[in-house]
Each structure stands twice: as C-alpha cells, then as structure tokens.
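One structure is given here, and the rest of the page talks about it.
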Amino acid sequence: MTHQIVVCGAGIVGLASALALARRGQRVALLAPVSTVPAADPDAYHPRVYAISPASQRFLASLGVWDAMPAARIMPVQAMEIHGDADGRVDLNAWQAAQPQLAWIVESGEVERVLMQAVRMFGIPWLPERCVGYRDGAVETSSGEWLRAELFVGADGAASPLRNAAGISHRSVPYPDTGLVAHLDAEHPHQGTALQWFRDDGVLALLPLPDTSAGPQVSMVWSMHDAQAQALQALAPEAQAAQLEQLLARAAHGRLGRLRVRSKIHGFPLALEQASMMGPGIALAGDAAHRVHPLAGQGLNLGLGDVEALARVVGERESYRSAGDARVLRRYQRARAESVFAMRLATDGLYRLFGTRAAPLAWLRNAGMQWVDASSFLKRHLIDGASRN
C-alpha cells in the first residue's frame, strides 16, 4: 500500500505531526496501535505533566487544540525560583520580560486526548499496527504488510522501532540518575511558582498544579542518583511514600510547608541521546531524534519544535519535490540543528557543572547565580530564550 506520508507513533509528537502535516495539505496516515485516554479525574492529575513554553503554546493553538483543553486543568507559571547547592539563587518572573506567563503546566493525558480528537475530526487514517521492519523505502507492519510512502516520520519514542529498523545512527549516553515523578499535596500555596534545587543527590523540581478539593498540589520531578532512587523504589508503597516525604522535607527547606505524597511514584532512566534527524525518506522527531536531561523541562518543547519545522519545510517544498526528497529533509535537519544543539549543551552543561564537587567550582557556580539574579538584562535574555523553544 502506498501513502504520501506515514507517521509512526501516536504519542503527543506523533499525533501533532500527523495533524500539522495534514493542515499543511499533505495526505497523512498514522501507523500505531490505537490507544485511549481515560477521562480526567476531577481530584487527581495524570502522572506525567509537561511545562509548555510560549512557543509550544502558540503552535498547539495554531493546530486548534489548545483551547480544547479544559482551562481549569492548565496551570500558568508566573515565576520560577532556581536554587544552587549553596547560597546561589535566581528568581525569574514573567513580568521581567513583559510576558503574561513563563510557561503552562499541562497533563500529558489531556494533550493526547485533544490531539486524538483533532486527528479523528480531520479524517486522518489511523492504521492500528506497529512498525516492525524497514527495507528499501518500505515499512513492514506487525501484520506482515509492507507500506510505501514518500516520507515516513519516526515519532515513535526513544526506542524508535523505525529508527532502529532503518539503521539510522544513534548515540546514547546514560546519566547515573533516575527520574522520579509523583504528585504531592502542599501545605502552603505555590502561587504559580515553579521551584528547582540543584543538590548533591540530584536535581529536584516542584511544578505548580491547579488546586483540587484537597488544596494546593505540585508535581515532583527529582533526578535522583541511581543508588538512592533504587533503594527508594524497592520499598513497599507506604514506606516509599514516608521515606520520600522525609527526603523532601530536607530538600525543599519547607518552602511549601509539609509535602505529602498523593500518587504512585514513577521512575524512568535518564540519558543524553542524539540521532541523525533524517535518513532516506525518513524524518525523526521528538525522543526518536533526541533526548536531553529533564532539568530544564524542555524535552516535549523540543519535540513540538521539530513537528512545527517539519510541517513548514514539507508544506513549503517545491512542487516538483516529493515529501521525502533528500534536499527537503536536509532543510528540516538544518532548521532544528541550532535549537537542539543549544538545549543539549545547556542541559548537559548545567548537569555536569552542578555535579562537580570541587570547591572552586562550587563557589563559582553559586556566585554566578547571584550575578545573574542581580541583572535584569540577563534575566530577560534567559526568559526570551526559553520562550522560543
């Protein structure tokens, strides 16, 4: 069977890819098992949340899906506190760059739900199978059928079956850390402020969530060293929650009062990954193309930036070129090179800077944070840079 464009993967990046390309007038099909998103729980949030940048918010709005998400489940971030491992601190506020918000915290499940609705309303064909092989410009599906297309988009996650089957170069360097995520009840209001601490035992972030009947809530993302994370995860659920609450009491310095675990604690390995973003008739997007340390919360924003660039480049190609033309795909790769490289450099650099215990570096990085905090120009530059990802 032959298609113009086949998008492999039905996560957020895959769904957004299919929708963005279809809105550019391309004939698109989705190749992925059909999934469903449970109805939203009024007193609980999806385990995984994302910090959506202004650029990503504008892109989702251009796809017609941002306003389809319930406003009550979106949390605008007005400010951010970043704490070093000593007395270093940087406070960022949206008003410093004349912006209404720094970011928005949204649930993965809600973004997927509205994208699925939009894909179906747009009439995009959904082929409910998996990619299991690739040869000579064709993808083999789990039913044994071979599909041909001008362009295959690999938006099928960090383990990308399409990337692996096509033999596209890929490099992965694991971090000695585990990402732990959980939702917490907070004693004190978060006031729309995201909090982050660079610590000896990793990087802790508390992201504001909309209040529920139980009161203020935050989402925890703790990039914790493997040994400590594994010991915590090995405990029974009640002991696990109690131990995490003790660790949070020390790590968060009482900033939000007592923090209580209200959800299951999920863990995932962390790695710095980079693949070539293109192959013959293939474009990679999102985690299939790159992964960065979550300390800046920019992984999904990078993926949505990929989608926006790919849809633009493919939609604006010359009429005599196919969607998978090598020159078109090189334009896509060039369009994303700077943003992806800059984010890899920034996140990995910060991780390694704060992971070094040498006293001179410890003094230097915390003094640097104080210097940045005293400069309105640098703060405005940081906010403007983050808003473009």
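Here the structure is a predicted model, which means the values were calculated and not measured.
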Side-chain ([X]) to main-chain ([Y]) donor-acceptor, under 3.5 angstrom:
X: Arg317; Y: Arg321; value: yes
X: His183; Y: His46; value: yes
X: Gln196; Y: Leu295; value: yes
X: Asp226; Y: Pro269; value: no
X: Gln101; Y: Pro76; value: no

Closest heavy-atom contact between [X] and [Y]?
X: Ile12; Y: Leu115; answer: O-CD1, 3.6 Å
X: Asn164; Y: Ala159; answer: ND2-O, 2.8 Å
X: Ala251; Y: Leu204; answer: CB-CD2, 3.7 Å
X: Val65; Y: Ala118; answer: CG1-CB, 3.8 Å
X: Asp211; Y: Pro216; answer: OD1-CA, 3.2 Å
X: Glu110; Y: Pro70; answer: OE1-CD, 3.2 Å

Which of Val6, Leu162, Thr141, Leu147 passes side-chain contact (heavy atoms from CB on, under 4.5 Å) with Cys131? It is Leu162

Taking the hydrophobic residues Ile, Leu, Val, Met, Phe, Trp and Tyr, and joining any pair whose side-chain heavy atoms are under 4.5 Å apart, which ones share a cluster with Val132? none

Which hydrophobic side chains are connected to Met121, either touching it within the sub-4.5 Å cutoff or through other members that do? none

Quick one: are Gln233 and Leu180 in side-chain contact, heavy atoms under 4.5 Å? yes

Does the side chain of Leu270 come within less than 4.5 Å of Ser223's, by heavy atoms? yes

[atom1] of [X] to [atom2] of [Y]: how many Å apart, nearest 0.5 Å?
X: Arg171; Y: Leu272; atom1: CZ; atom2: CG; result: 7.5 Å
X: Leu30; Y: Cys8; atom1: CG; atom2: SG; result: 9.0 Å
X: Leu63; Y: Leu19; atom1: CG; atom2: CG; result: 5.0 Å
X: Arg334; Y: Met278; atom1: CZ; atom2: CE; result: 9.5 Å
X: Met220; Y: Gln217; atom1: CE; atom2: CD; result: 13.5 Å
X: Asp91; Y: His83; atom1: CG; atom2: NE2; result: 7.0 Å

Identify whether NZ of Lys or CZ of Arg in Arg135 sits under 6.0 Å from the centre of the six-membered ring of Trp146 and within 45° of that ring's axis. yes

Shared hydrophobic cluster for [X] and [Y] (ILVMFWY, side-chain gaps under 4.5 Å):
X: Val181; Y: Leu248; value: no
X: Val28; Y: Val119; value: yes
X: Leu21; Y: Val111; value: yes
X: Ile52; Y: Val307; value: yes
X: Leu184; Y: Met80; value: no

I would like to know whether Gln333 and Ser276 meet side chain to side chain contact (heavy atoms under 4.5 Å, CB included); could you show each step before the answer? CA-CA 8 Å; Gln333 189 169 42; Ser276 172; 3.6 Å; yes

Going by the angle between their ring planes, with limits at 30° and 60°, are Trp66 and Trp104 parallel, tilted or perpendicular? perpendicular

Where at least one partner belongs to residues 241-250, residue pairs that pass side chain to side chain donor-acceptor pair (under 3.5 Å), sequence neighbours excluded: none

Output every pair passing side chain to side chain donor-acceptor pair (under 3.5 Å) with a member in residues 117-126, not counting sequence neighbours, ordered by first then second residue. none

Taking salt bridge (Lys or Arg N to Asp or Glu O under 4.0 Å) as the test, write out the residues that go with Arg24, two or more places apart. Glu316

Sequence-distant partners of His225, side-chain hydrogen bond (donor to acceptor under 3.5 Å, both in side chains), two or more places apart: Asp177

If you draw a 6.0 Å radius around [atom1] in [X], do more than 12 non-hydrogen atoms from other residues or ligands fall strictly inside?
X: Arg262; atom1: CZ; value: yes
X: Phe341; atom1: CZ; value: no
X: Glu318; atom1: CD; value: yes

